[in-house]
Amino acid sequence: MAEHAPRRCCLGWDFSTQQVKVVAVDAELNVFYEESVHFDRDLPEFGYVPDVHACVMWVLALDIILEKMKASGFDFSQVLALSGAGQQHGSIYWKTGAQQALTSLSPDLPLHQQLQDCFSISDCPVWMDSSTTAQCRQLEAAVGGAQALSCLTGSRAYERFTGNQIAKIYQQNPEAYSHTERISLVSSFAASLFLGSYSPIDYSDGSGMNLLQIQDKVWSQTCLGACAPHLEEKLGPPVPSCSVVGAISSYYIQRYGFPPGCKVVAFTGDNPGEYLGEFLCPMNLTGSITLFLLGPEPGAALEGHKHWLLPQSYTLFCSFKNGSLMREKIRDKSASRSWSKFSKALQSTEMGNGGNLGFYFDVMEITPEIIGCHRFNAENHKVAAFPGDVEVRALIEGQFMAKRIHAEGLGYRVMSKTKILATGGASHNRDILQVLADVFGAPVYVIDTANSACVGSAYRAFHGLAGGRDVPFSEVVKLAPNPRLAATPSLGASQVYEALLPQYAKLEQRILSQIRGPLE
Ligand SMILES: O=C(CO)[C@@H](O)[C@H](O)CF
């Protein structure tokens with residue numbers, strides 16, 4: 001429940017794959033309020049499918065969460081600023097005339113009743129879509145190949161990246177595209193709801209579109225032209241991630257009591273939004289698994305993504321689709337739908353799992369491009385199934401060994417000072433974190449909220465309020481609670497996994513060659 005004493009604060013929002021969440025953070029950077037609306041639990045009428053979102057569902061979720069905050073007595077008048085994060089790469093298509101609806105919202109009605117007809121595409125594509133391979137090849141051809149595109153935008157073409165998604169919509173639904181006056185990312189869409197007008201796309205989330213020149217941080221005319229006509233006017237100019245993009249819409253002032261001066265700071269992608277100013281190696285364990293490699297400016301790579309992160313810095317990160325939904329699937333099948341049984345399975349099996357290795361890809365994985373479940377015994381023979389406990393450990397060890405192998409392929413190295421910051425829902429599971437520490441041979445830290453994208457967004461709201469680019473982010477977050485040590489590598493872990501990692505890598509190549517034919 002919200003405390004009732006007035007408490008100046010910033011709000012941090014997260015429009016994620018499974019839910020909309022918000023935290024309130026006070027001036028001492030203490031999180032004192034959290035609320036969420038979970039799509040499949042609270043919005044059953046949408047027939048929640050994890051990888052298909054209806055734009056209106058997000059708007060309805062925002063209505064519900066604001067009403068829950070109001071009913072709990074949350075004091076909106078104390079909110080100095082707000083910012084947020086959205087699942088990366090998703091795109092929202094505002095129908096011609098929608099700006100008028102946004103700027104003239106009636107405080108007497110909920111948002112979803114007023115915006116439900118404002119979208120030219122109802123089921124907006126999100127990050128789990130992988131149907132745009134043809135558009136990826138067209139884009140790479142237009143700029144001179146995958147490496148050229150990676151040098152230009154920070155990534156080779158990826159199916160989920162927004163430019164390719166827009167290209168597909170233009171090609172397959174030209175009428176809807178022609179009736180679209182604005183295209184938002186999930187992050188800038190959410191910011192637009194609070195602004196009551198179209199919010200710009202920020203540099204960090206814009207880095208995940210295959211459209212933004214990563215060095216100059218302007219739209220690449222070549223990429224725009226390769227995707228769809230008149231695209232630049234539909235996107236608007238990108239802005240730095242700490243920009244104040246405006247004041248909150250009068251709708252929220254009149255309906256909920258936000259103060260007129262409440263600032264809206266640019267929303268960003270969920271992964272950059274996780275960045276809490278800690279020079280740890282953040283690993284986001286949510287719907288996806290995303291590993292950030294912090295360090296000197298990375299070069300162009302054909303795996304992973306170079307993103308703009310904060311003023312004057314970049315990050316290389318790699319993202320994997322089969323995260324929490326895959327863990328939930330194995331929990332349901334092999335641990336009777338119980339996280340405590342899932343944990344007991346990890347506790348009752350040894351590091352290295354007796355040489356049993358598993359690859360678990362419910363949907364086509366980003367890296368490697370494999371789908372399906374593939375299990376191998378200690379003799380490297382393919383097997384159809386593992387006993388329940390072995391299956392659980394094979395899933396978690398496999399998820400983390402794959403991350404380490406691909407991170408090392410991008411130049412990452414575990415060093416004596418390496419510290420991993422685990423964020424996201426799975427960071428609450430101590431036994432999963434133990435496997436993470438063992439596989440990486442590095443200590444694992446957590447922050448005491450699973451809502452790190454929200455907390456990071458609230459920090460960015462304070463940063464925008466403090467002056468943004470003129471104030472170092474580290475200065476703003478110096479009061480932030482330090483991450484807490486959650487797991488350290490078990491004795492003998494490095495021996496086990498130094499032996500197992502090359503074997504896992506070989507099996508991954510074996511699966512790939514069976515899928516695509518022998519490597520040239
Ligand atoms: O595709 C991803 C990052 O590139 C995912 O982590 C999404 O941001 C999850 F919403």
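Atoms within each ligand, like the ligands themselves, are counted from 1 in listed order. Predicted model, so just to flag it, every value in this text is computed and none were measured. Every heavy atom of this structure was used, including side-chain atoms; hydrogens, water molecules and symmetry mates were not. The chain is numbered in sequence order, starting from 1.
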Checking side chain to side chain contact (heavy atoms under 4.5 Å, CB included) for the pair Arg41/Ser36: CA distance, chi angles, key distance, verdict? CA-CA 11 Å; Arg41 181 190 66 210; Ser36 66; 4.0 Å; yes
Could you go step by step and tell me if Glu303 and His406 meet the side-chain hydrogen bond (donor to acceptor under 3.5 Å, both in side chains) rule? CA-CA 8 Å; Glu303 265 195 21; His406 288 285; 3.2 Å; yes
Filter the ligand 1-protein atom pairs down to N or O on both sides and distance under 3.5 Å, then list them.
residue	atom	partner	partner atom	Å
ligand 1	1 (O)	His89	NE2	3.2
ligand 1	1 (O)	Arg160	NE	2.7
ligand 1	4 (O)	His89	NE2	2.6
ligand 1	4 (O)	Arg160	NE	3.4
ligand 1	4 (O)	Arg160	NH2	2.8
ligand 1	6 (O)	Asn271	ND2	2.9
ligand 1	6 (O)	Ser288	OG	2.7
ligand 1	6 (O)	Thr290	OG1	3.3
ligand 1	6 (O)	Ser319	OG	3.3
ligand 1	8 (O)	Gln88	N	3.1
ligand 1	8 (O)	Asp270	OD1	2.8
ligand 1	8 (O)	Asp270	OD2	3.3
ligand 1	8 (O)	Asn271	ND2	3.0

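Aromatic ring centres of Tyr170 and Tyr177: separated by under 6.0 Å.
Electrostatic pairing of Lys329 and Asp362 counts as a salt bridge here, judged by a charged N lying under 4.0 Å from a carboxylate O. A salt bridge between Glu328 and Arg337 is absent, with no side-chain N of the basic residue lying under 4.0 Å from a carboxylate O of the acidic one. Under a 4.0 Å N-O distance rule, the pair Glu365/Lys321 does not qualify as a salt bridge.
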